[in-house]
**Student:** 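Here it is: the structure, laid out below.
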Amino acid sequence: MKIGWIDYLNTLPFQIERFRDFQIVKDVPSNLNKLLFEGKIDVGIISAAEYLEHCYKYFILPDLSISSCKDVKSVILASHIPLEDIEKVYITKESKTSVNLLRVIFEIFLNKKPEYKPFESLKNKLSVLLIGDKALKHKSDYPYVYDLSKIWFDCTNLPFTFALWCVNKDYFLNNREEIYNFQRKLKENVKEFFEKIDNYPLETEKKEYLKNLSYDLTDKHIQSLRLFSQYLKQLNLIKKLPDFRFTDGKVITVDNTITLYNFDYNEAYHSSSAGAYTESMHKFIIPCNIQEICEKIGSIDILDVGFGLGYNASTAIKSCLEKNPNAKIQIISIEKDKDFLENIKRIKIPENLKFVYEIFFKMVLDKLTIGNKTFDVYKYEDNNLKISIVLADGREVIQALTDENIKFDAVFWDPFSPKVNPEMWELELFKNLRKIMKDEAIFATYSSAKEVKKNLLEAGFKIGMVEPVGRKSYSLVASISGDIPPLPEKEMEKLRKYQT
């Protein structure tokens, strides 16, 4: 394993010298960013800004960072003139995060836009951005010294994270245990270092500098990174807002709800660019007219294919009861992963859905016979709600529902993508699905793949599109005769060409 390493004082607590079995690649942050992006190193401590720009390439090692709660002391704007008089700043090439933070401070906090120029030498420079050991060494040479982390804290009341430990996504998926062992040892090294720091052969000033830093990665740090990314997008320094993906499988999505990453399918359970809750509302609940059905008819039967972490089902229940507290709701959900309840325990449930998840945890394991098939099922039933989570292959359950001629008002189609789970998007399956949908029922899915559209049309559905939420491509709805937004003629033309 190749480890990217920054040889600055602030990386000392990780005690990288202990990893003798690995190849250590020492460089400045900006070069390590490039090496990790290109896969020339496998894991490294990289600029937070690099992760925010290219989050899809990496997983974050949890609970590890280099951050500051107020003064960082090693990322400074050193100047011979006051801050308000600065018109030109010479910037370091070493750190993307520090340069971007400087731009946020000037262009957003101060509403100024100075000229930024790289420098090779400090000679004859009125105002310079200095980081790392250079900042500690040269700050006394300037009458005006502005600590960037302190400015950030004063403006946001949040810590600032300069660097993250990240692993190249492809490397991690093939070497998970090795990375887990590595991150465990890193955390042990940091803990031990600060327990023994007073006995470490280091000057008092440097010890105090290290004690002032933060090496963990809490919710506050993520909140700060989220805000920083919003500012970077505002300045067009990144193209889209990132999610936060961790090696333990947790993904903090753009709307701050948490989903999980399935390493077997190499996909997250939800669109991280839209957000787990946002995706449920805008790709399933609203397109299927869940609230309207509950209000007008007073009852609803939902087929939820791919229960996953329960966002679609719980959001449907919440939405129904908000509109009609007396609505009768019946949900048959299909889930292949028998450990789904344990997975749910790993996420932070949104406050507005907690009452529904309390119901999920009251479910009991039982048997359910549909047609001539018997399945393991988790059940719950009260005066308003009847939910059955069937633990089986979706194709088998839908075939059984077809044999039993059970009909649904809405279908949430949310298995993993056609690329990794093609069997759940086949023509014959959609033909069976058509038989168990009421004529006015609406099918909704996040995918807009050509093969999915083609198979839905061949199965006898009319199809339509839902405007994009959190990503460029739209999602699909389908119905036998229900009222759905039409597929634009341009899309139909593409589909006709594809079919021929």
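Computation of the quantities below employed the complete heavy-atom set of this structure, encompassing side-chain atoms and omitting hydrogens, waters and symmetry-equivalent molecules.
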**Student:** With distance as the sole criterion, is a donor-acceptor pair present between the side chains of N168 and D42 under 3.5 Å?
**Tutor:**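 No donor-acceptor contact under 3.5 Å links the two side chains.
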**Student:** For E38, I'd like to know if atom CD has over 12 heavy atoms of other residues, nucleotides or ligands within 6.0 Å.
**Tutor:**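 For E38, atom CD is crowded (more than 12 foreign heavy atoms under 6.0 Å).
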**Student:** Could you verify whether a donor N or O on one side chain and an acceptor N or O on the other, from Y180 and D248, lie under 3.5 Å apart?
**Tutor:**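 Per modelled atom types, Y180 and D248 side chains form no pair under 3.5 Å.
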**Student:** Aromatic ring centroids of F19 and F182 under 6.0 Å?
**Tutor:**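 Yes; F182 has its ring centre under 6.0 Å from that of F19.
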**Student:** Working note: F172 + Y58, criterion ring-ring contact (aromatic ring centres under 6.0 Å, His included); need CA distance, chi angles, decisive distance, verdict.
**Tutor:** CA-CA 9 Å; F172 173 69; Y58 313 121; over 10 Å; no
**Student:** Between E358 and K362, is the closest basic N to carboxylate O distance under 4.0 Å?
**Tutor:**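 Salt bridge absent between K362 and E358.
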**Student:** Starting at CG of D255, measure out to OG of S280 and round the result to the nearest 0.5 Å.
**Tutor:**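 Between D255 CG and S280 OG, I get 9.0 Å after rounding to 0.5 Å.
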**Student:** Does the Lys NZ or Arg CZ of K207 fall within the cation-pi geometry relative to Y200 - under 6.0 Å from the ring centre and within 45° of the axis?
**Tutor:**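 Output no; distance or angle outside limits.
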**Student:** So, taking the atom named OH in Y446 and the one named OG in S475, what distance separates them when rounded to the nearest 0.5 Å?
**Tutor:**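 Between atom OH of Y446 and atom OG of S475 there are 11.0 Å.
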**Student:** Start with the C-alpha distance between F162 and N10, add both sets of side-chain angles, then the distance that settles side chain to side chain contact (heavy atoms under 4.5 Å, CB included), and finish with yes or no.
**Tutor:** CA-CA 11 Å; F162 289 93; N10 60 15; over 6 Å; no
**Student:** Under the criterion ring-ring contact (aromatic ring centres under 6.0 Å, His included), which of F361, F307, F360, F340 is the partner of Y378?
**Tutor:**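 Among the candidates, only F340 passes.
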**Student:** Taking atom types as modelled, find out whether K125 and Y142 have a side-chain donor-acceptor pair closer than 3.5 angstrom.
**Tutor:**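 No, no side-chain donor-acceptor pair sits under 3.5 Å.
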**Student:** Among K240, K96, K239, whose side chain to side chain donor-acceptor pair (under 3.5 Å) with E53 holds?
**Tutor:**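 Output: one option passes, namely K96.
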